[in-house]
Amino acid sequence: MAGAGGGGCPAGSNDFQWCFSQVKGAVDEDVAEADIISTVEFNYSGDLLATGDKGGRVVIFQREQESKSRPHSRGEYNVYSTFQSHEPEFDYLKSLEIEEKINKIRWLPQQNAAHFLLSTNDKTIKLWKISERDKRAEGYNLKDEDGRLRDPFRITALRVPILKPMDLMVEASPRRIFANAHTYHINSISVNSDHETYLSADDLRINLWHLEITDRSFNIVDIKPANMEELTEVITAAEFHPHQCNVFVYSSSKGTIRLCDMRSSALCDRHSKFFEEPEDPSSRSFFSEIISSISDVKFSHSGRYMMTRDYLSVKVWDLNMESRPVETHQVHEYLRSKLCSLYENDCIFDKFECCWNGSDSAIMTGSYNNFFRMFDRNTRRDVTLEASRENSKPRASLKPRKVCTGGKRKKDEISVDSLDFNKKILHTAWHPMENIIAVAATNNLYIFQDKIN
């Protein structure tokens, strides 16, 4: 959102004036499944941007600092570190393959020179340390420079090893592996505001972990019925409150959100608050339950609101009002008439994510045809933009796109029948303090910034 006030964003205009900054990824027509981006996340300062893909890799981009020789280079993100986070595994007890695909990445607040992040696939969560090394020790007593052991009888003098400068190396090392706690597929991880614990959620359970302890976790939510035939809903997303370490929310496939307080009991099966919008009986259809399933839930930075994304809309809830959302923004209402074909090609089960800008004044979420949507909460204006290589000249302005639903199509409009449902933007991220956004489109990562930047 160009110039949404506060949160480090330039105050004043709110004109959605975005321009192209960068695109990362190959241009190939035939995209390998392993290269498809499956999660995007800025760190707390916004200087690092991590992506995970279906091949189990994590790529971290670092923002370039402005230099005198390249005064306009600030804002560019370049590859900082790439590492293999997860490998494909096989569960021999259940005869199941465990994919290496990275489901979520969450950064920990930086405490020292190193950076830490959590990454998870369907079953295993790993804590990674990303650190820099620009010096190496030389002059060992017991081994030569090439690493071979020296003959002890030939050592006649004691040497003091010295540190010599070397080319910068960025190392990623796994510090903790949190495994064997989830029977079902992990869909969410969320770091607590106490910076010591985090939660992980699968379809039926939520576990609480301590970052230092890998061999046990506490089960804080369990919705698994005694008889699985009585199962009516699953957990779709979960997140800790940004300031209150005892509060978390989880959403369900029935379109409801439960807020739980860990102070009330060890097992939070009884929620403190229950958020649900009553359904309009006149609009009920065969697809109602599927499209009401919540695919993402995010607290605002202030902690006063939360945002949920279902198939057709994004809703903003005030934590003090459970009966209905305070805002409902239609993302792609023109698809309501296409639900039958979207059900047949499985697109109706796509899980779109959503994100807030740094000042909570704007929200962003993805759509099809590589479109993504932005909503200004103050002016109630919205815009549809496209992540496309055709408009990828540096600082080229993004033109708003419009979808024509029927009748005569205008020159700049695109017909709803010509939308490409294979091109979808499920994962987006917004810089925590500036108007810089990252948008994952298949195997490409697009970075846009507002024109003021």
Sub-4.5 Å side-chain heavy-atom contact between E132 and Y80: yes

For atom CG of D194, decide whether the heavy atoms of other residues, nucleotides or ligands shown that lie under 6.0 angstrom number more than 12. yes

Cationic N near anionic O, under 4.0 Å, K338 to D417: yes

So if I apply the side chain to side chain contact (heavy atoms under 4.5 Å, CB included) rule between F375 and each of M364, R381, H329, which one comes out positive? H329

Is the shortest side-chain heavy-atom distance between D420 and N369 below 4.5 Å? yes

Treating N219 as the side-chain partner and N207 as the backbone partner, does any N or O pair qualify as donor plus acceptor under 3.5 Å? no

Got Y343 and F286 here, is their nearest side-chain heavy-atom distance under 4.5 Å? yes

Taking E196's backbone N and O only, do any of them form a donor-acceptor pair with N192's side chain (distance below 3.5 Å, no angle check)? no

Closer than 3.5 angstrom, by distance alone: can the side chain of W430 be matched with the main-chain N or O of G358 as a donor-acceptor pair? no

Do C19 and Q17 have side-chain heavy atoms sitting under 4.5 Å apart? no

Counting N and O atoms only, with roles assigned by atom type, does the side chain of W209 sit under 3.5 Å from a partner on the main chain of S200, one being a donor and the other an acceptor? no

Derivation and outcome, side-chain hydrogen bond (donor to acceptor under 3.5 Å, both in side chains), residues R389 and N444: CA-CA 10 Å; R389 281 185 178 267; N444 289 310; 3.0 Å; yes

Looking at side-chain heavy atoms only, is the closest gap between M374 and I437 below 4.5 Å? yes

So, do K24 and N78 sit near enough that their side-chain heavy atoms are less than 4.5 Å apart? yes

Determine, step by step, whether H241 and V249 satisfy the side-chain contact (heavy atoms from CB on, under 4.5 Å) criterion, reporting the C-alpha distance in whole Å, the side-chain angles of both residues, the deciding distance to 0.1 Å, and the verdict. CA-CA 8 Å; H241 191 280; V249 292; over 6 Å; no

I would like to know whether S341 and F421 meet side-chain contact (heavy atoms from CB on, under 4.5 Å); could you show each step before the answer? CA-CA 11 Å; S341 52; F421 292 105; over 6 Å; no

Give me each pair satisfying ring pair (Phe, Tyr, Trp, His ring centres under 6.0 Å) with a member in residues 82-103, each pair once, sequence neighbours excluded. F83-W128, F90-Y92

Flag side-chain contact, heavy atom, 4.5 Å: H185 against D202: no

Report yes or no: do D122 and N103 form a side-chain donor-acceptor pair below 3.5 Å? yes

Once you round to the nearest 0.5 Å, how far does CD1 of I220 lie from CG of L199? 5.5 Å

Could you tell me if the ring centre of Y446 sits under 6.0 Å from that of F372? no

N/O donor-acceptor pair under 3.5 Å between K424 side chain and C347 backbone: no

Which of these, R309, H427, K298, sits in a side-chain hydrogen bond (donor to acceptor under 3.5 Å, both in side chains) with E353? H427

Could you check, using the six-membered ring where one of them is a Trp, whether H332 and F352 have ring centers closer than 6.0 angstrom? yes

Donor-acceptor check, side chain of D296 to backbone of C354, threshold 3.5 angstrom: yes or no? yes

So which pairs with a foot in residues 253-272 pass ring pair (Phe, Tyr, Trp, His ring centres under 6.0 Å), sequence neighbours left out? H271-F274

Can any side-chain N or O of K273 pair as donor or acceptor with the backbone N or O of L319 at less than 3.5 Å? yes

Quick one: do N121 and K101 satisfy side-chain contact (heavy atoms from CB on, under 4.5 Å)? Show the steps, please. CA-CA 6 Å; N121 67 349; K101 174 191 162 204; 5.8 Å; no

How about Y198 and F178: are their ring centres within less than 6.0 Å of each other? yes

Electrostatic pair E171-K129, nearest N-O below 4.0 angstrom: no

Is a side-chain donor or acceptor of S21 paired with a backbone partner of Q449 at a separation under 3.5 angstrom? no

Check against side-chain hydrogen bond (donor to acceptor under 3.5 Å, both in side chains), S264 and D261: CA-CA 6 Å; S264 58; D261 190 335; 5.4 Å; no

If we only count heavy atoms from C-beta on, is the P88 to E97 side-chain gap below 4.5 Å? no

How long is the gap from OH on Y305 to CZ on R377, to the nearest 0.5 Å? 5.5 Å

Could you tell me whether a side-chain N or O of D360 sits under 3.5 Å from a main-chain N or O of S302, the two making a donor and an acceptor? yes

For a salt bridge (charged side-chain N to carboxylate O under 4.0 Å, His left out) check, start with the C-alpha distance between E41 and K104, then their side-chain angles and the critical distance, and finish with the verdict. CA-CA 9 Å; E41 188 79 6; K104 285 284 184 286; over 6 Å; no

Pairing of K224 and D203 as salt bridge, 4.0 angstrom limit: no

Report yes or no: does S293 contribute a side-chain atom to a donor-acceptor pair with the main-chain N or O of I290 at less than 3.5 Å? no

Is it the case that more than 12 heavy atoms not belonging to F218 sit under 6.0 Å from its CZ atom? no

